[in-house]
Structures are given as structure tokens and as C-alpha cells.
Amino acid sequence: MPRILDGASIAAAIKHEVAEEVGKLAARGVRPGLAAVLVGHVAASEIYVRSKVQACADLGLYSDLITPAADVTTEAMLDLVADLNARDDIDGVLIQLPLPPQIDSKRLLEAVDPAKDVDGFHPVNAGRLLAGRPALVPCTPAGIIEILKRSNIPIAGQHAVVVGRSDIVGKPVAILLLHENATVTICHSKTRKLGEITRQADILVAAIGRPGFITPDMVRPGATLIDVGINRLTTRDEFDRFFKGDAKREAAFAKRGSTIVGDIDPHAFQVGGAYTPVPGGVGLLTIAMLMANTVRAAKLRRGL
Ligand code: GUN
């Protein structure tokens with residue numbers, strides 16, 4: 001039986017450490033603060049941002065939820081970011097993505113003070129990551145490294161194959177794995193003979209955004225499987241493809257009319273030696289690392 005890499009317990013351990021750090025800062029009169037900017041009404045984004053604000057409350061951080069209307073202009077968003085950059089009670093500025101099409105997302109993310117860029121999306125932080133002197137590292141990639149390290153899965157010398165090349169996950173996680181001395185291959189939608197490459201992976205990271213894209217035949221027996229995908233299934237056909245015969249999933253699907261699958265076909269998990277489940281894996285680390293980054297930003301900004 002493959003080992004389940006339980007995101008909940010790893011995230012809880014990190015949050016515990018963050019809460020301790022928050023306690024120490026409180027004794028010095030410092031309360032780390034996060035501004036969470038949620039534009040419009042994207043259902044998934046609303047759920048994520050609510051979880052982020054709740055995590056702040058749980059760990060003793062200050063948070064300010066700002067909710068501009070869906071038709072907000074780039075100029076108004078730039079003014080908002082300038083205001084947040086200047087506020088002393090705000091250590092982290094998080095702009096939930098995706099943004100509506102009229103917003104120039106790249107310009108906006110570049111306007112965030114790199115010292116408050118707790119998502120690690122600013123080109124200055126991306127450059128520091130590449131140069132091996134990271135300050136604020138993107139949360140999901142940082143969380144993946146925490147899962148591997150805290151589960152005692154060796155990285156150095158291993159072949160890590162990352163499927164997906166996004167700025168948020170694929171590229172930064174590849175760089176982090178490289179800094180941990182893995183041999184790294186990055187694959188993407190134009191990669192030829194993908195299965196031949198993924199079958200060489202000791203560590204396979206799937207961050208493509210396509211339900212169950214990694215099938216059992218693409219996995220080397222015993223590999224560690226890291227599933228970054230969060231895909232909602234709503235049709236019976238889709239459900240049966242991945243979860244037929246799974247009584248627990250069946251009950252949840254009947255109740256809600258949907259369920260979540262990652263980028264790795266759950267049947268492929270059974271080929272691996274260890275895997276992160278969906279839900280309950282990588283996603284929980286993203287929030288824990290955001291909290292860690294916010295505390296880190298608060299300390300760095302004060303020279304602590
Ligand atoms: N949308 C999906 N993932 C993320 C994330 O990590 N940060 C932000 N800001 N938006 C996202």
C-alpha cells in the first residue's frame with residue numbers, strides 16, 4: 001500500500017510553529033498583518049480567501065479583507081496597492097488570482113512592494129528565487145518542499161519531473177527542487193513522449209490543471225506523487241472514470257452533486273510509493289506557507 005502524505009498534519013505542524021512565532025512577536029509589540037484582496041465573486045476564490053482570513057484569525061495575525069467590485073479598474077487597483085504598500089499595519093499583500101480580464105494583472109503584481117509580496121509573485125522575488133537567495137517564496141511550491149522534507153523523502157540526487165510550467169507553481173517548484181539538488185525535468189503541453197519522461201520520475205509533481213491527467217501507466221512503481229490539481233467534477237461519467245466503487249466519494253457526490261479530483265488519476269496513486277491526496281494534500285500547505293510568509297515579511301521589514 002502506498003503511503004499517504006497527509007497535508008493536514010504537516011500544515012498543522014507549520015501553523016503551530018507560526019503561532020509560536022506570532023506569540024514571540026506579540027511580546028515585542030508586533031502583530032503581523034495580511035491584506036487579502038478579493039475582486040468580484042469567483043466562487044473558488046471566495047472559498048480560498050475565506051480560508052486565508054480564517055487562518056490569520058486562528059494564528060493571531062491581523063487581517064484586512066478588501067473586496068473591490070468585479071468592474072474595478074486597473075488604476076483603482078494600483079491606488080489600492082499603493083495604499084497597502086504604505087500602511088504600517090500591513091506586512092503582506094495578497095491579491096487573489098485570477099483577476100477579471102480588464103485588469104492588467106502583471107502590472108498590478110509588479111506594483112506590490114516586494115517586501116510585502118507574501119505570494120512571491122513579484123519579479124524581484126522570482127529573481128531572488130532563481131539566484132538562490134530567496135526571501136518570499138511562492139506558497140504552494142514552498143509547501144511541496146515542506147511536505148517532502150517533513151515526510152523524510154529524499155530529494156538530493158533524485159529525478160524530479162514537474163508537469164506544468166506556470167509562474168505560480170511549475171517554474172518555482174522546479175527551481176526549489178533544483179536548489180535541493182534534485183535532477184529536474186520540466187514538462188508541459190508541448191512535451192513529446194510525456195509518459196516516457198514521467199515514468200523516469202522518483203518525484204512526480206503534477207500541476208497542469210487537468211482532471212486525472214496523470215494515468216497509472218505514466219507512473220514508475222514506488223515514485224512519490226505530488227498532486228497540485230484541484231478540479232471539480234460534476235458529471236456522472238467523470239465521476240465514474242475516477243471514483244467508481246468508492247463508497248465514501250459516492251455519498252459525497254450524491255449529496256453535493258460534485259467532487260474534487262487532482263491532476264493525478266487516483267488509480268495512479270496506487271502505483272506510487274507515496275502520494276498527496278486531493279483534497280487534503282498540497283492545498284492545505286498553501287495556506288500554512290502564506291501564514292509563514294506573512295510572519296517572515298513582518299520580521300524582515302523590521303530587521304528582526
Ligand atoms: N490563485 C490560485 N492560487 C493562488 C495563490 O497561491 N495566490 C493567489 N494570490 N491567488 C491564487
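Both counts, for ligands and for their atoms, begin at 1 and track the order of listing. We're numbering straight along the sequence, starting at 1.
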query = Quick check: does Pro98 get an N/O under 3.5 Å from an N/O on ligand 1?
reply = no
request  = State, without any angle test, whether Asp217 and Thr215 hold a side-chain donor-acceptor pair at a distance under 3.5 Å.
outcome  = yes
ask   = Is the side chain of Arg241 donor-acceptor paired with the backbone N or O of Arg236 at a distance under 3.5 Å, no angle test?
value = no
query = What's the shortest distance from atom 11 (C) of ligand 1 to any protein heavy atom, and which residue and atom give it?
reply = Gln96 NE2, 3.4 Å
key: Criterion salt bridge (Lys or Arg N to Asp or Glu O under 4.0 Å) on Asp113 and Arg87, from CA distance to verdict   = CA-CA 11 Å; Asp113 180 348; Arg87 271 172 62 177; over 6 Å; no
query = Is Asp119 in polar range of ligand 1, meaning some N or O pair under 3.5 Å apart?
reply = yes
query = Should Asp89 and Arg31 count as an ion pair when the cut-off is N to O under 4.0 Å?
reply = no
inquiry  = Under 4.0 Å from atom 3 (N) of ligand 1, is there at least one protein heavy atom?
reply    = no
ask   = Does Tyr48 have a heavy atom less than 4.0 Å from any atom of ligand 1?
value = no
note = Nearest non-hydrogen protein atom to atom 10 (N) of ligand 1, with distance, is Leu97 N, 3.0 Å
key: NZ/NE/NH1/NH2 to OD/OE distance under 4.0 Å, Arg296 and Glu21   = no
message = Out of all atoms in ligand 1, which are within 4.0 Å of some heavy atom of Ile95? Include the element for each.
response = 8 (C), 9 (N)
task = Starting from the C-alpha separation in whole Å, work towards a yes-or-no answer on side chain to side chain contact (heavy atoms under 4.5 Å, CB included) for Ile66 and Leu38.
result = CA-CA 6 Å; Ile66 300 156; Leu38 171 65; over 6 Å; no
